[in-house]
Amino acid sequence: MPHRYLLTALVAGLALTVAGCGISIFPVWPPLFFDEPPAEVGPFAVREYRVDVPEGADGQPAGITVFAPTGATDPLPALVWVLGSNVQAYYHQSLHETLASWGYAVIVSDGRPLVLDDFQYHRRTVDLAKQAVDLAVAGELDVTIDAARIAAGGYSIGGTMATFLAAEDSRIQSVVLWAPTSAPFWLGVDPVVLFPQVNQPVLFLLAELDNVAPPEEFPQEMQDQMPQADISAFIIPQGLHLFFQQPDAADSVADPATTLTRFEQQGIAIERTRAYLDEQLAGDAADAE
């Protein structure tokens, strides 16, 4: 299994680049913003801003991107979105903006560049996400969060790390996973220990034609290792792994042909995510208007 995921990563067009004193994999793709929203938007205008954190959980300066609704009644339900390997907040811009338009605060802590000689990489990512929860609950992100209505989520390896966050932080009430994947090796975390600790409701949003995390492979292994979790799963027909992110730079070498468009898959995933969060976090956030 580890060799399979390593090979998939290489075939997907991953380049080696120098990052500080280490070697980094997973290039950062340029943004792709849609001309129109792929999912229905809510009644609130959206404010996007960054909060600088002088000392991140790993001892280095960090940053958090916040998407907040304007005019929604406080306190707000929140989604803490965990970034995977070199993924950027704009990879899921439409998800963040759409949820905020319905009254959610979406909180995305910056990821660190993945370098091969950082043996705590995944641990640092989880700790930074946990710090984002701390700051949000403390009211230090210029938004008022309902501490009883916080969800975690992520895409690909970021989704898997969102489950690690949920395992270690009881403030997380539910989890949304977009095509969660394994890693060739885990750095500073142990899924065998953490998966069984997840006791929150979990939604797996998967893609039928996913050749990185086929629904019947690692996502199913995750589900089997979380006996305490109330698990729901939905497989998007004709869906692709990379269509869960907006950038399209790797499409020509990474994914099979499909009749579905990236725009359509984004719409399905966002609508399913919002419906699930509305249910898990006590109703449609827009009702607080």
Within a strict 4.5 Å, meaning less than it, do heavy atoms of the [X] and [Y] side chains meet?
| X | Y | result |
| --- | --- | --- |
| Tyr121 | Val115 | no |
| Leu165 | Val82 | yes |
| Gln88 | Trp29 | no |
| Val46 | Thr70 | no |
| Leu203 | Val175 | no |
| Pro180 | Phe204 | yes |
| Leu79 | Tyr104 | no |
| Ser156 | Val87 | no |

How far apart are the closest heavy atoms of [X] and [Y], and which atoms are they?
| X | Y | result |
| --- | --- | --- |
| Pro247 | Leu32 | CA-CB, 4.0 Å |
| Phe243 | Thr258 | CE2-CG2, 3.9 Å |
| Ile157 | Ser85 | CD1-OG, 3.8 Å |
| Arg149 | Pro75 | NH2-O, 3.3 Å |
| Asp210 | Val212 | OD1-N, 2.8 Å |
| Pro69 | Ala100 | CB-O, 3.0 Å |

Problem set entry | Residues which pass ring pair (Phe, Tyr, Trp, His ring centres under 6.0 Å) with Phe67, listed by chain and number, not counting sequence neighbours |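 Listed in chain order: His96.
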For this session: Would you check if the distance from the ring center of His122 to the ring center of Phe164 is below 6.0 Å?
Result: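 They do not qualify: ring centres at least 6.0 Å apart.
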Problem set entry | Ring centre gap for Phe263 and Phe34 strictly below 6.0 Å |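 Yes, the ring of Phe263 comes within the 6.0 Å limit of the ring of Phe34, centre to centre.
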State whether [X] and [Y] are salt-bridged, where the test is any N-O pair (Lys NZ or Arg NE/NH1/NH2 against Asp/Glu carboxylate O) under 4.0 Å.
| X | Y | answer |
| --- | --- | --- |
| Arg112 | Asp118 | no |
| Arg171 | Asp134 | yes |
| Arg262 | Asp251 | yes |
| Arg274 | Asp278 | yes |
| Arg47 | Glu97 | no |

Examine [X] and [Y] and state if one hydrophobic cluster contains both, with Ile, Leu, Val, Met, Phe, Trp and Tyr joined whenever side-chain heavy atoms are less than 4.5 Å apart.
| X | Y | answer |
| --- | --- | --- |
| Phe33 | Trp81 | yes |
| Leu242 | Leu83 | yes |
| Ile268 | Val41 | no |
| Val106 | Phe244 | yes |
| Val192 | Leu177 | no |

Counting distance only, does the side-chain N/O of [X] pair as donor-acceptor with the main-chain N or O of [Y] below 3.5 Å?
| X | Y | answer |
| --- | --- | --- |
| Glu208 | Gln238 | yes |
| Thr98 | Leu95 | no |
| Tyr276 | Ser232 | no |
| Gln265 | Leu240 | yes |
| Asp230 | Gln200 | no |
| Thr160 | Thr181 | yes |

Exercise. What residue among Phe218, Tyr155, Trp178 forms ring-ring contact (aromatic ring centres under 6.0 Å, His included) with His241?
Worked result: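 For His241, the ring-ring contact (aromatic ring centres under 6.0 Å, His included) check succeeds only for Tyr155.
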Approximate separation, where rounding is to 0.5 Å, of [X] [atom1] and [Y] [atom2]:
| X | Y | atom1 | atom2 | value |
| --- | --- | --- | --- | --- |
| Gln93 | Gln266 | CD | CD | 11.0 Å |
| Ser109 | Lys130 | OG | NZ | 12.5 Å |
| Leu99 | His92 | CG | NE2 | 12.0 Å |
| Thr65 | Leu141 | OG1 | CG | 10.5 Å |
| Thr125 | Leu187 | OG1 | CG | 9.5 Å |
| Glu221 | Gln225 | CD | CD | 7.0 Å |

For this session: Output, in order, the C-alpha distance, side-chain angles, deciding distance and verdict of side chain to side chain contact (heavy atoms under 4.5 Å, CB included) for Asp110 and Leu128.
Result: CA-CA 8 Å; Asp110 290 349; Leu128 287 165; over 6 Å; no
For this session: List the steps, then state whether side chain to side chain donor-acceptor pair (under 3.5 Å) holds for Gln197 with Gln228.
Result: CA-CA 7 Å; Gln197 296 180 33; Gln228 298 186 77; over 6 Å; no
Side-chain donor-acceptor pair under 3.5 Å between [X] and [Y], yes or no?
| X | Y | result |
| --- | --- | --- |
| Ser94 | Gln246 | yes |
| Asp127 | Gln131 | no |
| Glu55 | Gln60 | no |

For this session: Identify, with sequence neighbours excluded, every residue that meets side chain to side chain donor-acceptor pair (under 3.5 Å) alongside Gln173.
Result: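 Residues passing side chain to side chain donor-acceptor pair (under 3.5 Å) with Gln173: none at all.
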Problem set entry | Derivation and outcome, side chain to side chain contact (heavy atoms under 4.5 Å, CB included), residues Leu205 and Thr273 | CA-CA 8 Å; Leu205 278 173; Thr273 297; 3.3 Å; yes
For this session: Could you walk me through whether Phe195 and Thr163 pass the side chain to side chain contact (heavy atoms under 4.5 Å, CB included) test, one step at a time?
Result: CA-CA 7 Å; Phe195 284 156; Thr163 65; 3.4 Å; yes
For this session: Start with the C-alpha distance between Ile64 and Ile107, add both sets of side-chain angles, then the distance that settles side chain to side chain contact (heavy atoms under 4.5 Å, CB included), and finish with yes or no.
Result: CA-CA 7 Å; Ile64 297 172; Ile107 298 161; 3.6 Å; yes
